[in-house]
Amino acid sequence: MSISSTDRIVIFDTTLRDGEQSPGATLNVEEKLAIAHQLALLGVDAIEAGFAIASPGDFEAVRTIAEQVGGVPGGPIICSLARAIREDIKAAAEALQPAAHPRIHVFLSTSDIHLKYQLKKTRDQVLAIAEEAIAYAKSFVQDVEFSPMDASRTEPEFLYQVLSTAIAAGATTINIPDTVGICTPKEMEKLIQGIRKNVANIEQVILSVHTQNDLGLATANALAAIENGVRQVECTINGIGERAGNAALEEIVMALQVRKPYYNPYLGRPVESEAPLVNIKTQEIYKTSCLVSQLTGIAVQPNKAIVGANAFAHESGVHQDGVIKHRETYEIMNAADIGLPENRIVLGKHSGRNAFRSKLQELGFDLNEADFNKAFIRFKEVADKKKEMTDWDIEAIVRDETQIQVESGFQLEHVQVTCGDCTCPTATITIVTPNGEIVTDAAVGTGPVDAVYKAIARMVRVSSQLVEYSVQSVTEGIDALGTVTVRLRHQNRIFSGQSSDTDIVVASAYAYINAVNRLYRYLQSSKGNEPLSSSFTTSVKYLI
Ligand SMILES: CC(=O)SCCNC(=O)CCNC(=O)[C@H](O)C(C)(C)COP(=O)(O)OP(=O)(O)OC[C@H]1O[C@@H](n2cnc3c(N)ncnc32)[C@H](O)[C@@H]1OP(=O)(O)O
Ligand SMILES: CC(C)C(=O)C(=O)O
C-alpha cells in the first residue's frame with residue numbers, strides 16, 4: 001500500500017499507547033485487551049498496543065493483543081512503539097510475534113531543540129541512528145513505521161533528509177508528528193506539501209500524521225493533512241493522550257463521514273462517491289468511548305464533540321422546536337450513526353411549549369389546553385430551580401397540576417418557614433378561601449412541616465386528623481423533586497392529597513391543601529343529605 005494506492009484513510013488507533021500516556025490512565029493487561037477487542041469491532045486498521053520495552057506489563061499487553069486480537073490474517077495491524085534503540089526494537093518484535101500483521105513503530109527526534117538537549121546528538125548521528133534502527137526493525141517485520149519526533153519544529157531540509165533516509169532503509173509508513181501540538185492547519189498544509197515535494201520516493205509509502213492537541217487543533221490539523229495527501233491518521237478514542245491529548249478518532253471519522261463530498265476529491269474520487277472514506281463501523285463509536293472512559297477513569301467532558309453527553313442533546317426551546325419539526329434543522333448527524341439510540345430533548349428552563357407538549361405526548365398525557373397551560377407554568381417554575389427536568393419530574397408536575405385544577409377550594413398563595421437548630425420552627429402561610437378571601441396566619445410547630453400544617457389548619461378550620469404523611473424522592477439527584485402524600489381522616493372517611501416540589505416543605509403544604517380540598521368538595525356535595533357532626537359544623541367557617 002502506498003500513498004497513491006489507497007483511496008481511503010487508514011485509521012491508526014493509539015489509545016493503548018499515547019492514550020495511556022494520559023496522567024492516571026494506566027491500564028492493566030485485561031483492560032487493554034478488552035479495549036483492543038472493541039477497537040477491532042470498531043474497525044480500526046491499526047492498533048498501537050503499547051510500548052513493549054516500557055514495562056513487563058506493557059510487553060505482556062502487546063503480546064496478548066497480538067495473539068488474541070491480531071492473531072489471524074485479515075485482522076488489524078498490531079503495532080508496538082520503539083525508540084531507535086536495538087533493545088526496544090527487539091522487545092517490540094518479540095511481543096508482536098503472534099500477530100498476523102505486526103508493525104514496529106520506530107521514533108527518533110529530529111528537531112534541533114531535541115537533538116541538543118534531549119538526545120545530545122548531531123544531525124549526522126541522528127541520520128545514522130535512524131537508518132540503522134529501521135534496517136534492524138526490518139530484519140523482524142516487513143511493516144515498519146518511522147516517526148521523526150517533533151517534526152513540526154524540525155528544520156525542513158533536515159526533515160526531508162531524514163525521511164528520505166528512512167524510506168531508503170525500508171520504512172513503509174512515514175508518520176509526521178506534531179509532537180508539541182504547535183502547528184496551525186495552514187502550517188500543517190505547508191509541512192505536508194513540502195514533504196511530498198522534497199522527500200525521495202515518498203509516494204511509495206503511506207504518509208501519516210500524529211497530531212497533539214495542545215492548542216486544541218489536533219483534529220483540524222489531521223484533517224488539513226488529509227486534504228494535502230496524507231492517508232493515515234493517528235488518533236485516540238475520546239482524544240485522550242499525553243498532556244492535552246491527541247486527535248480524537250471519533251471526530252476525524254465523523255468529519256470524514258459527514259463531509260464526505262468535501263473530502264472525496266482530496267482522495268481523488270468524484271464528489272458524489274458513496275464509498276466510505278474509512279473502514280470504521282461508526283455505530284460502535286459510542287460504546288468504544290464509554291469503555292475507554294470507564295477503564296481509564298477519564299471522564300468525557302459533556303460538550304465533547306460526537307461522544308459528549310450533550311453532543312446530541314437540545315436544551316433551548318427554539319432548537320427543540322426545530323428538531324421536533326425536522327431533525328436536521330439542528331443536527332448534522334444522526335445519534336444512531338455513532339450507536340446512540342436517539343438524540344435527547346433536555347427539558348429545562350430554556351424549553352418552550354412545543355417541546356413540553358411533545359414530551360407530554362411521549363409520556364402518554366393528553367391534556368386539555370387549560371391543564372396544559374397550568375402544567376407548563378408550573379414546569380417553568382420548577383425548571384428555574386432544577387437543572388434538568390426528567391420524565392419523572394414532568395409526570396409529577398402533571399399529576400400535581402391537573403389534580404389542583406380539578407380540586408377547586410382553597411388555594412395556597414405563599415409558604416414561608418424559618419427553622420434551624422436554635423430557632424422555633426415557624427410557618428407563615430397565605431391562602432385564598434373558596435369565596436376569594438385572602439387570609440394569612442402563622443404558627444409554630446415541632447418542625448417546619450408541623451408548623452405549616454398548624455397554620456393551614458387554623459385558617460381552614462377543618463376538623464380532621466392527619467393520619468399519614470410521607471415523602472418520596474421521585475427523581476434522581478440532590479435537586480430531585482420530592483412527592484409528599486398526606487392522608488386526613490374526617491369522621492370515618494379518608495381524604496388524601498399529594499404534591500411534588502423541589503422544596504419538600506412547599507410540597508407538604510400543597511399536599512395538605514389538596515387533601516383539605518377533597519374534604520371540602522365532599523362536604524359540599526353531601527351537605528344536603530348527610531348530617532355534619534356538631535363539633536365540625538361549629539368549627540368550620542369556610543367549609544360550609
Ligand atoms: C512523544 C511520545 O509520546 S514518545 C513516547 C513516550 N512514551 C514513554 O516514554 C512511555 C514509556 N517510557 C518508559 O517506560 C521509559 O521512558 C523507557 C523504558 C522508554 C526508557 O526508560 P529509561 O531507560 O529509564 O530512560 P529515560 O526515560 O529516563 O530517558 C529516556 C532516554 O531515551 C533517550 N531517547 C528518547 N527518545 C529516544 C529515541 N526515540 N531513540 C533513542 N533514544 C531515545 C533519551 O535521550 C534518554 O536517554 P539517556 O538516558 O541516555 O539520556
Ligand atoms: C511517537 C510519536 C509518534 C509521538 O507520540 C509524538 O511525537 O507525539
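Owing to the predicted nature of the structure, the values given are computational and were not obtained by experimental measurement.
- Looking at heavy atoms from C-beta onward, Glu331 lies in side-chain contact with His314 at the 4.5 angstrom threshold.
- In this structure, a donor-acceptor pair under 3.5 Å is absent between the side chains of Thr211 and Asn221.
- Here Asp58 does not pair with Arg17 in a salt bridge; the nearest charged N to carboxylate O distance is not below 4.0 Å.
- Other residues, nucleotides and ligands contribute at most 12 non-hydrogen atoms within 6.0 Å of the CD1 atom of Ile182.
- For NZ of Lys138, the number of neighbouring non-hydrogen atoms (other residues, nucleotides, ligands) closer than 6.0 Å is greater than 12.
- Checking side-chain atoms of Arg269 against main-chain N and O of Ala275 turns up a donor-acceptor pair under 3.5 Å.
- Under the 3.5 Å distance criterion, the side-chain polar atoms of Lys260 are left unmatched by any main-chain donor or acceptor of Ser273.
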>> If you apply the rule side-chain contact (heavy atoms from CB on, under 4.5 Å), what do you find for Ile202 with Ile167, and how did you get there?
In response: CA-CA 7 Å; Ile202 190 74; Ile167 294 170; 3.9 Å; yes

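- Between the side chain of Arg327 and the main chain of Met333, a donor-acceptor pair closer than 3.5 Å is present.
- Going from atom CD of Glu251 over to atom CG of Asn246 covers 11.5 Å, rounded to the nearest 0.5 Å.
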> Could you walk me through whether Ile394 and Met389 pass the side-chain contact (heavy atoms from CB on, under 4.5 Å) check?
Replying inline: CA-CA 7 Å; Ile394 312 284; Met389 300 290 285; 4.1 Å; yes

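- Ring geometry, Tyr136 versus Phe140: the interplanar angle exceeds 60°, so the pair is classed perpendicular (tilted spans 30 to 60°).
- Shown here is Gln142, whose CD atom has no more than 12 heavy atoms of other residues, nucleotides or ligands within 6.0 Å.
- Of the possible polar contacts, none joining the Asp178 side chain to the Ser152 backbone as a donor-acceptor pair under 3.5 Å is found.
- Contact check for Val10 versus Ser208: no side-chain heavy atoms found under the 4.5 Å cut-off.
- Ring orientation note: the planes of His319 and Tyr330 are close to parallel, at an angle under 30° on the 30°/60° scale.
- In summary, the side chains of Thr165 and Glu131 do not present any donor paired with an acceptor at a separation below 3.5 Å, with no hydrogens or angles considered.
- Counting heavy atoms from C-beta on, the side chains of Phe146 and Val162 come closer than 4.5 Å.
- Within the 4.5 Å cutoff, side-chain heavy atoms of Leu42 are placed close to those of Leu39.
- Under a 3.5 Å cut-off, the side chain of Ser164 and the backbone N or O of Tyr160 do form a donor-acceptor pair.
- Atoms CD1 and CD1, from Ile237 and Ile240 in turn, are 8.5 Å apart once rounded to the nearest 0.5 Å.
- Side-chain contact between Tyr262 and Glu227 is present, with heavy atoms from C-beta onward closer than 4.5 Å.
- Without hydrogens or angle criteria, Arg196 side chain to Asn228 main chain gives a donor-acceptor distance under 3.5 Å.
- At a threshold of 4.0 Å, the pair Asp384-Lys380 does not count as salt-bridged, since none of the basic side-chain nitrogens sits closer than that to a carboxylate oxygen.
- A salt bridge is absent between Arg63 and Glu94: the closest approach of a Lys/Arg side-chain nitrogen to an acidic carboxylate oxygen does not fall below 4.0 angstrom.
- With 3.5 Å as the limit, one finds a donor-acceptor pair spanning the side chains of Thr172 and Asp143.
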>> Show, in sequence, the C-alpha distance, side-chain angles and deciding distance for Ile35 and Ile47, and conclude whether the side-chain contact (heavy atoms from CB on, under 4.5 Å) test is met.
In response: CA-CA 10 Å; Ile35 292 175; Ile47 296 174; over 6 Å; no

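- The pair Arg103-Glu48 does not meet the salt-bridge criterion, since no charged nitrogen lies less than 4.0 angstrom from a carboxylate oxygen.
- Here the side chains of Asn264 and Leu277 are in contact, with some heavy-atom distance below 4.5 Å.
- Distance alone, capped at 3.5 Å, places no donor-acceptor pair between the Asp45 side chain and the Phe12 backbone.
- No donor-acceptor distance shorter than 3.5 angstrom exists from the side chain of Glu20 to the backbone of Thr296, with no hydrogens or angles considered.
- Residues Lys32 and Ala61 approach most closely at CD-CB, 3.5 Å, considering heavy atoms.
- Contact annotation: the side chain of Thr483 never approaches that of Val471 to less than 4.5 Å [non-hydrogen atoms, C-beta and beyond].
- Using a cut-off of 4.0 Å between Lys/Arg side-chain N and Asp/Glu carboxylate O, Glu187 and Lys190 are scored as not salt-bridged.
- Considering all non-hydrogen atoms of both residues, Gln257 and Thr282 come closest at OE1-CG2, 3.5 Å.
- For Tyr286, there are no ring pair (Phe, Tyr, Trp, His ring centres under 6.0 Å) partners, not counting sequence neighbours.
- Considering CG of Leu347 and CZ of Phe379, their distance stands at 4.5 Å, rounded to 0.5 Å.
- Neither side chain, Thr236 nor Thr15, offers a donor N or O lying under 3.5 Å from an acceptor on the other.
- Between the CG atom in Leu191 and the CG atom in Leu159 there is a gap of 6.5 Å [rounded to 0.5 Å].
- Here the closest heavy-atom approach between residue Val205 and residue Ala171 is recorded as CG1-O, 3.3 Å.
- Contact annotation: the side chain of Leu223 never approaches that of Val233 to less than 4.5 Å [non-hydrogen atoms, C-beta and beyond].
- There is a side-chain donor-acceptor pair under 3.5 Å between Ser289 and Asn238.
- For the atom pair CZ (Arg243) and CG (Asp18), the distance works out to 8.5 Å, reported to the nearest 0.5 Å.
- In terms of heavy-atom proximity, Gln320 sits nearest to Ser351 at OE1-OG, 3.0 Å.
- For the residue pair Val106 and Ala133, the shortest heavy atom distance occurs at CG1-CB, 4.0 Å.
- Salt-bridge check for Lys359 with Glu362: passed, with a basic side-chain N closer than 4.0 Å to an acidic carboxylate O.
- Going from atom CG of Leu33 over to atom CG of Leu27 covers 11.5 Å, rounded to the nearest 0.5 Å.
- Side chain of Thr154 to backbone of Ser111: a donor-acceptor contact under 3.5 angstrom is found.
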> Do Ile176 and Leu163 pass the side-chain contact (heavy atoms from CB on, under 4.5 Å) test, and can you show the C-alpha distance, the side-chain angles, and the key distance before you say yes or no?
Replying inline: CA-CA 10 Å; Ile176 308 301; Leu163 297 183; 3.7 Å; yes

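- Across Ser80 and Ala92, no two heavy atoms sit closer than the pair OG-CB, 3.6 Å.
- Residues that satisfy the side-chain contact (heavy atoms from CB on, under 4.5 Å) test with Pro177, not counting sequence neighbours, are Ser147, Pro148, Ala151, Asn175, Thr179, His210.
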